[in-house]
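The figures that follow rest on heavy atoms only: side chains count, while hydrogens, waters and symmetry mates do not.
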Amino acid sequence: MVSTKTLIAASLLGVFIATGCAVSNTYTEEELGLRKTDLYTEKTTVGDRTSYSKVAAGESKVIPRSFENAPPMISHDVEGMLPITKDANACTGCHLPEVAVAVKATPMPKSHFFDMRTQKMLTHMSEARYNCSACHAPQSANEPLVVNEFKPDYRKPNGAARSNLLDTLNEGVK
Ligand code: HEC
Ligand code: HEC
């Protein structure tokens, strides 16, 4: 028969193993945050410098879409093009479908010529799309603080390079 003493010793050992392992790692406060500096002051905290593409439109390499029908990132330099104002929108000067082919720019898709409120196609670009930079942004080349392991699945073979939101907008709804 197992003695009471042995039983107590065995269960105590179990408790040590269960609790001891969990508390072996400790972190300093500076290690806790993503920025690895003092958490109580901003004085020593300097953000990474942004580094946007300096490659001119027409010479840049487009960035693969993050997921199916994601708004594409702007791959080229936007120096002098932003902010977009009532009187000046350089983007449409190259991306409206009628000019895009000639300058080898990706033409704006069908969804940008559609009125989401009335659900009707328009004969001109929807005013709701005028401010391109509300949705399309240039990409800064910085090391991500946390590795993104998301892998997109595109249903069409060219899904990383072309969008078709208007064709799929109401999928599963009607
Ligand atoms: C001088 C013509 C020109 C102007 C102005 C211009 N673009 Fe472009 N854009 C291009 C070309 C050409 C490409 C294709 C990549 C390349 O050749 O650099 C492109 C690529 C893009 C892409 C990536 C498309 C894709 O298929 O991934 C986006 C988004 C974009 N431009 C948005 C804009 C926005 C927003 C503006 C205004 C701030 C703008 N562009 C101004 C010519 C232009
Ligand atoms: C309200 C957000 C929004 C605004 C504003 C907007 N876009 Fe887009 N754009 C998108 C989204 C989302 C997509 C991808 C899905 C789709 O619509 O097909 C897209 C796709 C595109 C594409 C890729 C087309 C293709 O066939 O792959 C181009 C080029 C583009 N937009 C240019 C522009 C330009 C130029 C402007 C300004 C005149 C603009 N967009 C304004 C959200 C926006």
Side-chain angles (χ1 to χ4, degrees), residues 32-37 39 42-174:
L32 279 178
L34 286 175
R35 64 194 204 181
K36 310 293 177 225
T37 53
L39 294 180
E42 299 290 310
K43 280 194 190 128
T44 53
T45 308
V46 189
D48 281 356
R49 287 180 71 91
T50 48
S51 162
Y52 292 107
S53 171
K54 292 266 174 261
V55 185
E59 282 156 29
S60 76
K61 217 172 143 287
V62 296
I63 303 162
R65 314 283 162 92
S66 305
F67 50 87
E68 184 174 294
N69 282 323
M73 304 295 300
I74 307 173
S75 48
H76 53 74
D77 195 2
V78 288
E79 184 71 41
M81 300 180 192
L82 298 176
I84 293 165
T85 68
K86 180 169 74 65
D87 302 310
N89 186 342
C91 321
T92 52
C94 286
H95 285 281
L96 277 174
E98 54 267 33
V99 274
V101 186
V103 298
K104 295 198 168 64
T106 314
M108 291 166 64
K110 270 195 291 184
S111 60
H112 294 30
F113 299 84
F114 183 76
D115 186 330
M116 293 283 175
R117 291 206 180 127
T118 59
Q119 297 286 300
K120 288 203 175 76
M121 281 313 292
L122 302 165
T123 50
H124 53 86
M125 179 184 83
S126 161
E127 281 81 10
R129 303 290 181 162
Y130 184 81
N131 190 15
C132 320
S133 56
C135 306
H136 298 279
Q139 172 83 66
S140 176
N142 293 83
E143 278 305 312
L145 293 176
V146 177
V147 177
N148 185 354
E149 289 173 354
F150 175 76
K151 296 258 181 311
D153 270 339
Y154 309 103
R155 288 176 296 176
K156 291 200 346 185
N158 65 350
R162 277 292 178 277
S163 54
N164 66 335
L165 185 67
L166 201 57
D167 302 332
T168 59
L169 193 59
N170 288 320
E171 257 178 13
V173 179
K174 56 181 179 184

message = Using modelled atom types and a 3.5 Å cut-off, is there a donor and acceptor pairing between side-chain atoms of Thr168 and backbone atoms of Glu171?
response = no

query = Is any side-chain heavy atom of Asp167 closer than 4.5 Å to a side-chain heavy atom of Leu165?
reply = no

task = For the residue pair Pro109 and Leu166, establish whether any side-chain heavy-atom pair is separated by less than 4.5 Å.
result = no

ask   = Do you know which two heavy atoms are closest between Glu79 and Asp77, and how far apart they sit?
value = N-OD1, 3.1 Å

request  = Could you tell me whether a side-chain N or O of Asn164 sits under 3.5 Å from a main-chain N or O of Asn69, the two making a donor and an acceptor?
outcome  = no

task = Please confirm whether the backbone N or O of Ala141 pairs with a side-chain atom of Tyr52, one donor and one acceptor, at under 3.5 Å?
result = no

ask   = Quick one: CG on Leu82 to SG on Cys91, what's the gap to the nearest 0.5 Å?
value = 6.5 Å

task = With rounding to the nearest 0.5 Å, note down the distance linking CE in Met116 to CZ in Arg129.
result = 5.0 Å

message = Treating His95 as the side-chain partner and Ala100 as the backbone partner, does any N or O pair qualify as donor plus acceptor under 3.5 Å?
response = no

request  = For residues Arg35 and Leu145, determine if any side-chain heavy atom of one lies less than 4.5 Å from a side-chain heavy atom of the other.
outcome  = no

request  = Kindly say whether Lys86 contributes a backbone atom to a donor-acceptor pair with the side chain of Tyr130 at under 3.5 angstrom?
outcome  = yes

request  = Say whether Thr44 and Thr37, considering side chains only, have a donor N or O and an acceptor N or O under 3.5 Å apart.
outcome  = no

note = Closest non-hydrogen atoms of Pro97 and Pro107, given as atom of the first, atom of the second and distance, are CA-CB, 3.9 Å

query = Roughly how far, to the nearest 0.5 Å, is the CD1 atom of Ile74 from the NE2 atom of His136?
reply = 7.5 Å

message = Using a 3.5 Å distance criterion without hydrogens, assess whether the side chain of Asn142 forms a donor-acceptor pair with backbone atoms of Arg49.
response = yes

request  = First locate atom CD of Glu143, then atom CG of Asp48, and finally report the distance between them rounded to the nearest 0.5 Å.
outcome  = 9.0 Å

remark   = d(Lys54 NZ, Ser60 OG) to nearest 0.5 Å is 13.5 Å

query = Between the side chain of Lys36 and the main-chain N/O of Gly33, is any donor-acceptor distance below 3.5 Å?
reply = yes

Backbone N/O of Ser75 and side chain of Ser53: donor-acceptor pair under 3.5 Å = yes

query = For the residue pair Arg65 and Gly159, what are the closest heavy atoms and their distance?
reply = CG-O, 3.8 Å

request  = Please name the pair of heavy atoms, one in Cys132 and one in Ile84, separated by the smallest distance, quoted to 0.1 Å.
outcome  = N-CD1, 3.6 Å

inquiry  = Using every non-hydrogen atom in the two residues, find where Phe67 and Pro152 come nearest and quote the distance to one decimal.
reply    = CA-CB, 3.9 Å

ask   = Can you tell me if His112 uses its side chain to pair, donor with acceptor, with the backbone of Ser126 under 3.5 Å?
value = no

request  = Evaluate the side-chain proximity of Pro72 to Thr106: yes if any heavy-atom separation is below 4.5 Å, no if none is.
outcome  = no

Main-chain N/O of Arg155 paired with Glu68 side-chain donor or acceptor, under 3.5 Å = yes

query = If every non-hydrogen atom of Ala105 is compared with every non-hydrogen atom of Cys94, which pair is closest and at what distance?
reply = CB-O, 3.6 Å

Test item: Gln119 and Asn170 side chains (from C-beta on) under 4.5 Å apart, heavy atoms = yes

